[in-house]
Structure formats: structure tokens, C-alpha cells
Amino acid sequence: MEEDLIIGCKKQDRKAQEALYHKYSGRVMGVCKRYANTMDDANDIFQEAFINIFNSLKKSRTVKIESLEAWVTRISANVAVNYYHKNKKYLNHVPAESALHKIDEEEYGHILGRLRGQELLQLIGGLPTGCKHVFNLYAIEGYSHKEIAEIMDISEGTSKSQLSRARDIIKSKLKLLDHVKYKRVV
Amino acid sequence: MSNTKGSSENEDFHRYFKDKLEHWEDEPPVDGWKSIENVLDKKQANLTKWYTAAAVLLLLVPALYFLFTSQTSSQKEVATELSGSSTGGNITMLQTEDANSASCTEKPQTNCDQGFSNEQQSLAATEYAHNTSDQTNTEKFNPSTQKALTTDIAESGALAQSSNDNNKFNTELSSKKSPNGDEGSIIQSGAMRSEVYTHESNANSTSFKTFTSETKANNANEQNYDEADVSAKADITNDRDRLSLYLEDTPTNQLHENTENVSKDRKKRSEKVNSNSQEIRTFTDRSNMAQSLTPDLYDDANGSDAENKKKFTEKADDEVLPEDSLTVLKSSNAVKPDRDKNSSKTGRKKPKDEALDSVSITDPQKKLLTKKEGKADRPRDNKKRNSSSKWHFQPEVGTFYTFKKVNPAKDMIYITGFENENELSFKNAGYQISLKLRREVLKNTTITTGITWQMINEYSNYNFYNIIADSVEVTQVQDDSFDVIAYSNEANNEVHNTLQYAGLSLGIIQRVKFLRRKYNLTAGVSLLKSMSHSYSENEYRHTFNAKSTLISVRGGLEKTVPLTPYWSVTVTPYVEQTFSSIYTNSTYRLSPLKIGLDIGLLIPTGRK
């Protein structure tokens, strides 16, 4: 089934593209929100990510991708990082509170249903942009510091320090949220 | 120990997030797909624009190149023809004061482009210097009596007086005249004038001509042809005149006065003519021609001079110019002086056409005058040029209809029939663009080669069933026999495929005459390579793979319709058969038989 989608997207068949979109749009949006500072940025990254996915499939010489979901996620993460890197939005950091507040307003019902996951997203969203990207890439996407350094065009040391800083901020936030202790998941 | 513990804690911390967020999904934007689709469409549209622009550029660049190449080469041809002095043009000659040693130089035409582009009336201007030498005459040179004659040949043939500038100019010329008078040159000048106007009249040219006759005393204004001749004859014994023709548009009202004065002087002059022992040359049709050109003036002047004119004409007929008298004639044909050398030395009569065409003499100051070929002559020359071009560039567009010869293919599908078997549909119409070069190798044989792009559209609506039965019913008839009935579900499928090919074409065109009409039979072969293809979404996903290479032959009938003197339109109905199937490893094999119509533009490259 995935192979058919890939073949269709290679031919730029609109139906195949739409099918792929509907299949992975939620996943891509989840990635975009993790990296974005605002909802507007998340929507922009979302659109750019899919355009990038379709272009990559069109240029791809093979129709066999080991895990299409992982490939889509990886491309989305790269697009998100490049989005801020390209637009130099590291300097125009939006305070986390405003972004979180917006999410609170728009998706209050979802937060109730997905409290823990949403809380974690809020915590990540409250991080400064650089720290957030490094944390996402390292802790969730599974990149090494070397890879992160290449992607973000920074040194490995900077990547490590940003990760450490991100962890500290999240922990302090957890204290504020009364999640003082975290358990080791067995 | 503490580092290890810290590291482990961090990993746990990260894993906590990873487990919760790695597969996290969120609600996409409501109009997310629409916005993405818009972006994709916009990109596709931009791509189409670029392709279109590239195609237009591809057509325009060679077309413009050949267009300008053709134009430039045609100008060169005109210049060549000018040097041959047969079709006129812009010729400037330099005449020395001594008519016997007249020489000429030819100047290249500098405004050829403009002259050919704006379709102006061609102008022919010839200047004669008609100086009088004061050897035996009793008349005194009087510059104030110099007059110019302007004639609009095409419209009325009226003569006009030249402007003051021309008078002044001729005065200057007169002051530089040779001390050695040349008898006979005057006669020639008169004859030359007649020749010039005969030529212009025959060519239906609208040229403006002015000539000024510098004479002494009272010969101010012989302004029609007879008068000019008579006055010229009169000057044989006494004067060496310089006749000049200028490009001038001057009023004609003073000419009547001039002609009256000339009529009064005619008796005196005719006596001199009769006493002239020189051989003279004239043309028998001079009088008629002059009358037709300048009827009013002719009538005015002719009445008092009929008798003398008659005598003069009779005497002048069939005469051969003496060596001296041919000097100006020599000059007039001096565009190719070598060719005319013999005739002038031997006194042989110059061929009339040759003399008429090339008459163009400048004054010593090298005044540049223009003489352009007549409008009526140009299409003939263009046709000649067009027909003489062996290389042609031919952009061609066309449409065709594809008939199909469907063969069974090795597949697990059995096609029971086509629903659109006997119906014509635009969905089967294709398009073709070609850029060709043609060269005439024999009198009636031309070879062509070029590049071709074509788009084949194929629409099929067929019924089929799968070879593998959907179900089988087995019935035991007897103890050892069974009836097996296979059931297959017949279905209908509709496909609309588009294939684009590009490649090389080679052909031959043979001109034949049939039923008193000439036709061009065309035959050719094309080698095409698949460029792209798109297949419609069919319900059963039957496979259609385009064959990478196609070879096809075609035969047609070409009709050429002249569009301009340079360009022609070709209309070519044709039949084309492709040898192999356009599909490979597909549901069926399809060998298209195309019937089409190409419309092309035949542009001569201008190279012979």
C-alpha cells in the first residue's frame, strides 16, 4: 500500500498525494508543533514539510522506503529546523507563555483528553528555540550531537550545552507545574 | 559513579519524553490540503509557463535567425545585381570634365535596408553634365539661363525647372569645364536623355527626374525631348554641354516660357544641325516617347520645329555613334567599363537596354544620387531570389488523428471488444511540431531533415475479463465425467493515455505534374524517442508502459502556397504508420496509423 502511494506521488498523481497527506498529516503536525514557536509557524512548517515530502518523492529513484512514517517524520523535523534557521527566527524568540496560551485557548478540549502528552508539549514549547530544537532532535528524534551539529550548523559542544540547558528549564517548569519528581519508567 | 547515575537519569528523562511524544499526532489545519494543493498547482503552472516560453523561444530564435539571414543575403544579392548594372540601384559615377576620358566609380548602396523595407517608390536619377565649350560659337556663356527640367514620369511627364541650387551647382560645373570641347558628346547627351526616359517610362517608375542643360546664350531651356535633341544637335558644332539630372521636385510653370524661347532659337540651331558633318545617333521612337511623356510641352515646341525634327530624325535613324560621341554613353555604361570598352572604341552601337539601365553619371563633385529599382521589378527579383534559394527552413505544426490496430498482448486479461471502435473522438487527436531544413538536390527533388515533437493521445473503452476465472462450477455428469463451467465477470475499462515523443525525421520531396498541376509528393521516416507519458487512472489499474523508441514512415502530398515573395505556406496532408506498438508489456499492443495535416512556413535561407 505504501509502495502504491510512493509510485503515485512519483507520478505526481494528485489522488496519491492526497492519500499520503491524510495518512501522515497528524503525524507531521505533531512534529511541527513540537518545533514551532507559534501556531502560525506550525502551519507554515506543516505546509512546507508536505511540499518537501512530495518533491522528495518525485525526485526519488526508488519506490521502496523502509519506513515511510519515519521518513516523513525525519523530513518534517528537518524542515522545521531549516524554517527557523532560514528565517533567522532564533533572534525573534516568542515567549513560551504566549504560544502555550494560544494552544490552551484553541485546544482546551484536547488537552483534557491528552493531559500528559500535551503537558509535555507545553514544556517543550516553553523552551527557547535553539534549546527546543536540540532537545527535540536529541531526545525524541534520536539524532546524535554530531548529526544535530550538522543539521543546525552549530558545534557539538553547543549542541550538548543547549541540551543541558533545555533539560534544566524543563525541570524547573515541572516544579512549577507541581511535577516535582519524575519516575523512571521501567 | 555520580556521572553514570546522572547520565542514566538523563536517559530516563529523555525516554520519558520520547515514549510520550515520538508518535504524537495532532490535528492538522482544516484547510491544510487545499493550501498544499494550491501550492502544487501553482508550481505546475509555473513549470508549464517555462515550458511554453522555452518552446516559443526555440521556435522564434531559429525563425528570426533565418529571417534576418535571408534579408541580409537578399540585400547582398541586390548589391551584386547593382554591380551588374542590370536592375538599377544606387550608382554613382564620376565624370571628368573631359568627356572623352570619362570615368566612373561605383559606390555601395548605403540605405539598402531602408529602401527595401519601406516599399517606397523607386527612384532613378541620372545626372548629365552638359557643358558648352566656347570654341567657335558666337554665343556667350550665361549661367543665369541655366534651367533644370524636372519630370515626373509616372504621373504626368511634366517637366519642371530645377531649383536655384542646381543652377548654382551647374554654374560651378561650367566653370570647371574642359577647355577641349568634344564634339558629339552633346548629341550623345541628347540621346542619353531619351534613353533614360524611355527606360523609366517602360518601367512604370515614378521617378522624379530633373536635368539641367547648361548652354550658352539662348539655349536656356530645351525642356522636352525633341528640344533637347535639337539643341544638342545645334551644340554639336559649337558647344560641349553638360546635362545634369537632379533629384528635384520643382514647379513646372516656368517651363512654358522656356520652351517658347527655345522655339524661337530653333531655326538658328537647325541650320547648325544641317551643317553638322558629325555622325549622330538617335532613337526612332524618341519623338513618340517624348510626346507621351511631356505632351503639352511637346505640342508647344513641336509646331515650329516639325520640319527640322523630321529631317533630323531621318538622318539620325540607324546611325552609329562615332567614337567621340560615345564617350558619354561609355560613361553611362561605365558600371562595367571593361565590358563597354570595345563598343566605345569601335563605335559599335550599344545595346539599348544595356545603355538605358545603367545610365547614371555624377558631376565632378561626386554628387551622390540614388537610383532604385522600380516597384514592379521587385517582386520579380524576389521570386527569382526565392526560387534560387536551395536551402529552406521550415517550421511546421500539425494535428493528426490516431487510428489503432490493437493486437492481443501476453497478459492475463482477455479483451472482448472496444466500445469506441467505430466512433471518432477528439481524445484520439494528437499534435506535432517540427523544425525542418530542406535542400533542393535536383531540379524536382528536395530532401528534408529536422527535429519533431509529437503528442499522441489514445483513448480506449474496452470490455474484458480475467483469464483466471472468478469461480468454477463442477458438475458430475456420470461416474467418471464432470462438467466444468468457469465463470468470469466481464468488466469495462476506460483509459486515456498521453505519450510524448521527440526525435529526428528524414524525408524526400518529389515534384510531380498531375492533371496540369504540380504537386509535391513527400515521403519520410521518423525515429522518435519517448519523452514523457501519462496514464489516466483506470479502475482496474491495467498497465500501460510506453515504448522507448518508435520508427514510423509517412507519405503525403504537399501543396505550396506563396505567402509573400519570400515566404510560402506549405499544407501537407499525410498518412503515417508506426511499425511497432507504442506500448510494451501492456494490456494490449497498439500500432497507430495516423492521418494528419501539417501546416508549415517555408523560409528561404537566401543561400544559393
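Each chain gets a letter, A, B and so on, in the order its sequence line appears, and its residues count up from 1.
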*Asks:* For B:Tyr401, check ring-ring contact (aromatic ring centres under 6.0 Å, His included) against everything at least two apart and list the hits.
*Replies:*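 For B:Tyr401, the residues satisfying ring-ring contact (aromatic ring centres under 6.0 Å, His included) (neighbours in sequence not counted) are B:Phe403.
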*Asks:* Among pairs that include at least one residue of residues 450-463 of chain B, which meet salt bridge (Lys or Arg N to Asp or Glu O under 4.0 Å), considering only residues two or more places apart or in two chains?
*Replies:*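 Residue pairs with at least one partner in residues 450-463 of chain B: B:Lys404-B:Glu458.
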*Asks:* Between A:Phe46, A:Phe50, A:Tyr24, which residue shows the highest count of heavy-atom pairs closer than 4.5 Å to chain B?
*Replies:*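 Most pairs with chain B among the choices: A:Phe46.
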*Asks:* Relative to chain B, which of A:Ala139, A:Gly26, A:Gly30, A:Ser25 shows the most heavy atom pairs under 4.5 Å?
*Replies:*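 Looking at each option in turn, the highest pair count goes to A:Gly26.
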*Asks:* Just how far is it from atom CD1 of B:Ile36 to atom CD1 of A:Ile53, taken to the nearest 0.5 Å?
*Replies:*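 Answer rounded to 0.5 Å: 8.5 Å.
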*Asks:* Please list, chain by chain and in numerical order, all residues satisfying side-chain hydrogen bond (donor to acceptor under 3.5 Å, both in side chains) with B:Tyr459, sequence neighbours excluded.
*Replies:*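 For B:Tyr459, the residues satisfying side-chain hydrogen bond (donor to acceptor under 3.5 Å, both in side chains) (neighbours in sequence not counted) are B:Glu494.
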*Asks:* Has A:Lys11 got more than 12 heavy atoms of other residues, nucleotides or ligands less than 6.0 Å from its NZ?
*Replies:*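 Check fails, neighbour count at 12 or below.
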*Asks:* Can you tell me which of A:Glu141, A:Glu18, A:Gln12, A:Gln17 forms the most heavy-atom pairs within a distance under 4.5 Å of chain B?
*Replies:*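 With the most close heavy-atom pairs to chain B, the winner is A:Glu18.
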*Asks:* Which of parallel (below 30°), tilted (30 to 60°) and perpendicular (above 60°) describes A:Phe54 and B:Trp33?
*Replies:*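 Taking B:Trp33 first and then A:Phe54, their aromatic rings stand perpendicular (interplane angle over 60°).
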*Asks:* Under a 4.5 Å heavy-atom cut-off, does chain B meet the side chain of A:Arg14, its backbone, both or neither?
*Replies:*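 Backbone plus side chain of A:Arg14, per the 4.5 Å heavy-atom cut-off to chain B.
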*Asks:* What's the separation between atom OG in B:Ser35 and atom CD1 in A:Ile51, rounded to the nearest 0.5 Å?
*Replies:*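 It is 8.0 Å, given to the nearest 0.5 Å.
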*Asks:* Do B:Glu25 and A:Val28 come close enough that some side-chain heavy atom pair is under 4.5 Å?
*Replies:*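 SC-SC contact between B:Glu25 and A:Val28 ruled out.
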*Asks:* Which residues from residues 67-75 of chain A are near chain B, with near meaning under 4.5 Å between non-hydrogen atoms?
*Replies:*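 Residues in range: A:Glu69.
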*Asks:* Considering only heavy atoms, which portion of A:Asn136 lies under 4.5 Å from any heavy atom of chain B: side chain, backbone, both, or neither?
*Replies:*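 Neither part.
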*Asks:* Determine the minimum heavy-atom distance between B:Glu22 and A:Ile140, stating which atoms define it.
*Replies:*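 Closest approach of B:Glu22 to A:Ile140: CA-CG2, 3.9 Å.
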*Asks:* When rounded to the nearest 0.5 angstrom, what is the spacing between CG in B:Leu21 and NZ in A:Lys33?
*Replies:*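 Answer rounded to 0.5 Å: 12.5 Å.
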*Asks:* If you count heavy-atom pairs under 4.5 Å with chain B, which of A:Arg34, A:Arg27, A:Met29 comes out on top?
*Replies:*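 Of A:Arg34, A:Arg27, A:Met29, A:Arg27 has the most heavy-atom pairs under 4.5 Å with chain B.
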